[in-house]
Amino acid sequence: MDTEVDYRGYEVTAENFVRLITGRVHEATPRNKRLLSDHQSNVLIYLTGHGGDGFLKFQDAQELTSVDLADAIETMYQNNRYKELFVIADTCQSASMYSEIYSPNVLATSSSLVGEDSLSHHVDRSIGVYIIDRYAYYVRKFLEDKVRSLDANVSMADYLASCSKEECISTVGVRTDLYPKPPAQVRVTDFFGARKYIQPLNGDYEFGEEWESLPTGSEERKKKWQF
Amino acid sequence: MLYQFRFLITTTHESDHIPYIIRDIFERYELQELHFAITQGFWHTSLWGLPPEDETPTGSYFLVLFKADSTKIDEKWNFLVNLLNGIFCTSILQMTPVLSSAPAITFGNGSSLNWRYGALGGEPVCTENLKSWKQLLPCKRSGLSTLLNPKELYGANYHSMSIRVSRSLDKHTDDWRFELASNLVKDLNLRTRLMDWSFSRDLGSSLIATCPISNSSQVIVETTGKEFTLEPQSNNTFKWKHREFTVYNTNEYTGKQSFNLRANYLASKLELGHYFPSLFSLHTYLQSVDQQGGKIATRIHNLDETPRNALFTHMIPWYLRIYLHTLAFVCNGARQEILNQRFSLAIDRQKPILIEFEIILPPNSICEITYDYETAFLRLTEYPPDSNSGLFVPGPMLKLYLDEDTYAKNATVFGSFRLSTSERMQKNVTTSERVVTLHGEPLLILLPVPDFSMPFNVICFVCTAIALFYGPAHALTTKIMTPITDESLATESGLIRRLIASIRLKLKANLLG
């Protein structure tokens, strides 16, 4: 019950999604609705819904194509908006969504290959609709059982194998050619947890005149928001 | 069963208890008052009585007063709507510019044009809004705000959350008044056939700890005319104009165990007798509607013996073109006068139409305000994704001026401290009148939509083009043109014989080619 939903209703459009990840938002957009990532951030993108070969459907009215996504990620790379990126696509034929990506340091996975459909898990008889997909169900089970703290020693290779062919029925697709490290040596919490590495400094430090006079850009930022 | 939560912070100097983000907004955008609310469900005035403060319409409601000497107000308003959209995790961006206006007489100070008002009728309310709202309180893990649980709140009939901040800047003081209010109406569980209620059953939890920095933390239960015993008991009772209340100071009860207030009714069956029809009520509806237009009607009941002054305000988006010459105010069959009208006309895609006027409601009357409208075509990209379900139009507001006695007899809830506290803030005691706002239902209007089914349209167009092109092309490419010689025609005499001969010639040519 502790989630923050930043974009909802009519504001969930393909345009807003691309603006959000590339950072080209309108001037009036509040901080809540911006992706404040920099060259040291690990970013997780999880796309779920209806889709097909090369596209994802938004609100029954628009589509986000795999080429759009790949170009947006390249824009992110060129603007140093991520250090490592993990893309999960959970739609029918979702391997097509990550097949066009060409930027480095991107690890991608999907719930089905091109030509396969992703299936739902179970139905709620009182409302009569399927309430969760197979991939989402087994991945959630994996994360809740195995990844219990930020220090958990679970690797991305375990995550990528968490939904087997018997459970998911569709084949989980993985793309590692753009990612420099082997997934078995990367922690799951690098992407699924907000982990900050803190190192205490012990010693005497003196901040002189040069430090005080360094420009921080905060004055310009303050002026921009004033009338 | 109505639960009302009010959290009030007043300070006379810069204080940390007012959230930094609110102080920052007021400073940066030069505000004097801010009122923001989101509501799920509708307050049925005719069944439940006058709405409790804050009176909020269904959907989202945003009202701001800028300082008298502010500049670039419309730009600031745009930034403010975006900012609140972010703070409360809502989706109110449609408010600017299509559903924002500058009311002139509705909110007091007829001369000041620095009010900005925006409303959306169809805004959903969910957990993320509650969490953002609760974050503004200084005590997050203790105190009465822990009684608000999303599961119980969002299954209720009516739930509204509002924040109201006002600031008065004199030469020497900087008075802040920051209030968060939440009203919740829950149905009784009729399966058990008992009217008993308790915190744990209705709100899902009991109070474990009182907020340590609060000056007072109280639970007030109205016991007028009700036959139940409260558990735990309290001797602290309070009378206000024929109504009785029992007061609990929560820090006396939360020390050793959690505070779960429970009411046990003495009668073991449902009491269906106590129904007080409200003296005033408002109902907005579409009197007639077809694909091209319709008639918006608002019915007002005044069952009181005295005439009442009232102020009617309605903001309608530009795509419903209102015919102001059809505006009619009829009470008990007779046309009445409209005083002091202010119409701010709509500009396509830039501003809505704002109708404001003052009226006098005669005693014992049923009045109706009606006006016709015609729907407009939007551009293809302006239609929302689910446009076949209609577009919301926010409901009208009716402000009534009641004297203290009538208000006391009809108010649903004890306490509307706004007037007394702001009197204290402004250091002059003025009115003995209370302003009560009644809101009408938001309307869901179906605009004429184009056929969004692309494949069908494509097939129609392409097939038509092919048919129009194919016929002549086939004829020209597959037929041989032979000249008709004069002899065969000239020998026949009479029109009909010549006609038959030329037809016979054509048939021969077809058979050949």
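Heavy-atom basis, side chains included; hydrogens, waters and symmetry copies ignored. Residue numbers start from 1 in every chain, and the chains themselves are labelled A, B, ... in the order their sequence lines are given, proteins ahead of strands.
- Only the backbone of Ile87(B) comes within contact range of chain A, judged by heavy atoms closer than 4.5 Å.
- Per-residue heavy-atom pair counts under 4.5 Å with chain A were compared for Cys126(B), Pro124(B), Ser132(B), and the maximum is reached by Pro124(B).
- Side-chain N or O atoms of Thr58(B) include one that pairs as donor or acceptor with a backbone N or O of Gly41(B) at under 3.5 Å.
- In this structure, Asp38(A) does not pair ionically with Lys83(A), as no charged nitrogen and carboxylate oxygen lie closer than 4.0 Å.
- The main-chain N or O of Ile21(A) is found under 3.5 Å from a side-chain atom of Arg81(A) such that the two form a donor-acceptor pair.
- We find that Lys141(A) and Glu167(A) are not joined by a salt bridge, their nearest charged nitrogen and carboxylate oxygen being 4.0 Å or further apart.
- Residue Thr90(B) touches chain A through both its backbone and its side chain, counting heavy-atom pairs closer than 4.5 Å.
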Can you give me every donor-acceptor pair (side chain of residues 11-19 of chain A, partner residue at least two apart or in another chain, under 3.5 Å) with its distance?
residue: Glu11(A); atom: OE1; partner: Lys33(A); partner atom: NZ; Å: 2.9
residue: Glu11(A); atom: OE2; partner: Asn85(B); partner atom: ND2; Å: 3.0
residue: Thr13(A); atom: OG1; partner: Asn16(A); partner atom: N; Å: 3.1
residue: Glu15(A); atom: OE2; partner: Arg19(A); partner atom: NE; Å: 3.0
residue: Glu15(A); atom: OE2; partner: Arg19(A); partner atom: NH2; Å: 3.4
residue: Asn16(A); atom: ND2; partner: Glu11(A); partner atom: O; Å: 2.6
residue: Arg19(A); atom: NH1; partner: Arg24(A); partner atom: O; Å: 2.8

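- When each of Val81(B), Leu130(B), Asn78(B), Asp386(B) is checked for heavy-atom pairs under 4.5 Å with chain A, Asp386(B) comes out on top.
- For chain A, no part of Glu30(B) is nearby; none of its heavy atoms comes within less than 4.5 Å.
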